[in-house]
Q: 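Please read through the structure below; I'll follow up with questions.
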Number of protein chains: 2
Amino acid sequence: MAFIFVVDDEEDIRELLKYNLIQDGHRVSTFENGSQCLKAVESEKPDLILLDVMMPMMDGIEVCEALKNNPENEDIIICFLTARSEDYSQIAGLEAGGDDYISKPIKPKVLMSRIHALLRRKVKLDVKDVISQELKINRERYLVEKDGMEIQLPRKEFELLALLASRPDFVFKREIILEQVWGSEVVVGDRTIDVHIRKLREKIGEHTISTVKGIGYKFNR
Amino acid sequence: MAFIFVVDDEEDIRELLKYNLIQDGHRVSTFENGSQCLKAVESEKPDLILLDVMMPMMDGIEVCEALKNNPENEDIIICFLTARSEDYSQIAGLEAGGDDYISKPIKPKVLMSRIHALLRRKVKLDVKDVISQELKINRERYLVEKDGMEIQLPRKEFELLALLASRPDFVFKREIILEQVWGSEVVVGDRTIDVHIRKLREKIGEHTISTVKGIGYKFNR
DNA sequence: TTAGTTATTTAAGAAAAAATTAACAATTGA
DNA sequence: TCAATTGTTAATTTTTTCTTAAATAACTAA
């Protein structure tokens, strides 16, 4: 579902978080300090980093700043882990680029609902070509390859397809689709999605996208 | 993207720069003093050197002079790193052959945009002729060869073509085109791109460049 | 089965984006 | 400096894409 880094100097916390996150279907890497994490980010970018604020050597805020200084990392969601005793206003006020914070002691249910909320905002597909059976999506070239044939899709159709294909089999709710493809400000009706779905199905095959009534649509693997 | 040397006596600075440059896709070698750097230049020439001015033993200006004494190194871009307290006029006045300077403390974003600007100047010089089917682009001579016929293109048209042709099939967004061909400071309208595209198509053929509505343009392989 | 809800389909019109044209400004070079 | 070339803008037209509306079909649950 998502690729998540956990950075905390205490092993217990790392294990707790890892266990819960994996249960929830995510891929997880843990690090016991900031520099390990930064190094790892160079080779593979996670979707989200859970970052302890209080750590020896390099604190979470520094790690966050180091990350956010690089535009390539702007898509990574940072969520701080703070001890309850720490000053919230301080955390909230730091403009280091964090997206949220969760205070310890960590309640797994709270953690998970926060993570879900954060990931929902993201979903911004990575730039790599998503490949799925006889269908290839090339984000750089803005085109779709179906059985070797190149198909040019209009912008919205392309983005819609790219979104759905970013997580095959995952059902995207209509609201999420609107949020991701149209953006939160723009207000368009639900029918608009249908029409685009229809055009997509015409172009890339009826079976590739299926409807989940009452919920939304999904891309079939 | 480019091969960059970093010369600074402080390890922290070296690491910071290296980290950011690598993130940006460059190949980086670091040196803690001038003579190490000079020796390395003999075996492989970098595209750009980030050179601290204040260093024990041999300062950055001496290094620069030593480099520029050898005509073989004239293509290497030198960018000085200076402490804020140092006298700018002194730096600016030194005719040692530096191309730019960045003052400490270094803000990675500033650094990167400078580096981009410097490299943009360079890339134009040393990228060899891009060849694509019956079309050859000669960056040194600023002309295009179409079916053996030489076509002289105006500067902007040439740069636009050269940019698109540097990555055939890749869709360049309008904003990127503006950034690369016109530069980030200059503000020109989107229609300007259209007009240049049109002139290009007239001269080198309609099919060579295609439009991706809502996104930008691409050069067809 | 049937009412109620939700999705599909179609066609048409609105909106957005790009192409085109022509005129004007800036630059260059003689 | 003047003429020619190059670059930019503005206005208009054309094309493409997006959205809506309305009728129909499909599904769901009582």
Side-chain angles (χ1 to χ4, degrees), chain A residues 141-144 150-164 171-220, chain B residues 124 139 141-144 150-164 171-220:
Chain A
R141 299 171 58 193
Y142 275 88
L143 57 78
V144 167
E150 289 184 350
I151 307 173
Q152 261 287 160
L153 294 179
R155 192 162 89 260
K156 282 281 189 293
E157 284 171 43
F158 184 86
E159 283 168 10
L160 176 55
L161 175 62
L163 174 68
L164 295 179
V171 180
F172 286 86
K173 295 182 190 166
R174 303 180 92 91
E175 45 171 321
I176 301 292
I177 293 175
L178 282 183
E179 166 85 24
Q180 295 295 319
V181 177
W182 275 264
S184 40
E185 336 73 37
V186 189
V187 185
V188 296
D190 272 7
R191 291 312 109 227
T192 300
I193 299 177
D194 302 25
V195 174
H196 282 94
I197 291 281
R198 162 140 177 299
K199 290 179 182 162
L200 266 181
R201 297 212 254 231
E202 265 174 14
K203 287 173 186 163
I204 63 167
E206 296 294 325
H207 66 290
T208 42
I209 296 169
S210 52
T211 307
V212 181
K213 275 230 172 187
I215 316 289
Y217 298 92
K218 68 172 184 170
F219 180 89
N220 297 309
Chain B
K124 279 169 196 160
R139 279 174 218 275
R141 299 171 57 201
Y142 268 84
L143 59 76
V144 167
E150 287 187 350
I151 306 172
Q152 179 70 51
L153 292 178
R155 196 166 81 259
K156 281 283 189 290
E157 284 170 43
F158 184 86
E159 283 169 9
L160 177 55
L161 175 62
L163 174 67
L164 295 178
V171 180
F172 286 84
K173 296 183 186 165
R174 302 181 92 91
E175 45 173 321
I176 302 290
I177 293 175
L178 283 182
E179 164 84 24
Q180 295 295 317
V181 177
W182 275 265
S184 42
E185 334 74 37
V186 189
V187 185
V188 296
D190 272 6
R191 292 309 111 230
T192 300
I193 299 178
D194 302 29
V195 174
H196 286 274
I197 290 281
R198 166 145 170 296
K199 289 176 182 166
L200 265 179
R201 295 212 254 232
E202 268 174 10
K203 287 171 186 165
I204 63 167
E206 295 294 323
H207 66 289
T208 43
I209 297 169
S210 53
T211 307
V212 182
K213 278 228 175 191
I215 316 289
Y217 298 92
K218 68 175 181 174
F219 180 89
N220 297 308

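Labels below follow one simple rule: chain letters A, B, ... track the order of the sequence lines, proteins then strands, and each chain is numbered from 1.
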Q: Looking at the base of D:dT16, is there any donor atom on it, or on the side chain of B:Lys213, that sits under 3.5 Å from an acceptor on the other one?
A: no
Q: The helix from C:dT1-D:dA30 to C:dA30-D:dT1: angle between its terminal axes, five pairs each, to 10°?
A: 40°
Q: Would you indicate which nucleotide in D:dG7, C:dA7, C:dT21 comes nearest to any side-chain atom of B:Glu157?
A: D:dG7
Q: What's the shortest heavy-atom distance between B:Leu200 and B:Ile209, and which atoms?
A: CD1-CD1, 3.8 Å
Q: Scan B:Thr192 against the nucleic acid and name what it touches under 4.0 Å (heavy atoms): base, sugar-phosphate only, or nothing.
A: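 Base: the residue B:Thr192, judged by heavy atoms under 4.0 Å, touches a nucleobase.
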Q: Where the side chain of B:Asp190 meets the backbone of B:Arg174, is there a donor-acceptor pair that is under 3.5 Å apart?
A: no
Q: Nearest to the B:His196 side chain among D:dG7, D:dT19, C:dT20, which nucleotide is it?
A: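 Ranking D:dG7, D:dT19, C:dT20 by closest atom to the B:His196 side chain puts D:dG7 first.
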Q: Which nucleotide wins on minimum distance to the side chain of B:Pro154, given the candidates D:dT6, D:dC18, C:dT10?
A: D:dT6
Q: Under 4.0 Å between a side-chain N/O of A:Arg155 and OP1 or OP2 of C:dA17, yes or no?
A: yes
Q: A:Glu206: which residues meet the salt bridge (charged side-chain N to carboxylate O under 4.0 Å, His left out) condition with it, sequence neighbours left out?
A: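 Checked A:Glu206 against salt bridge (charged side-chain N to carboxylate O under 4.0 Å, His left out); zero matches.
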Q: Just N and O in the side chain of A:Thr211: are any of them under 4.0 Å from OP1 or OP2 of C:dT6?
A: no
Q: More 5' along DNA chain D: B:Lys156 or A:Gln152, using each one's nearest nucleotide?
A: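 Closer to the 5' end of DNA chain D: B:Lys156.
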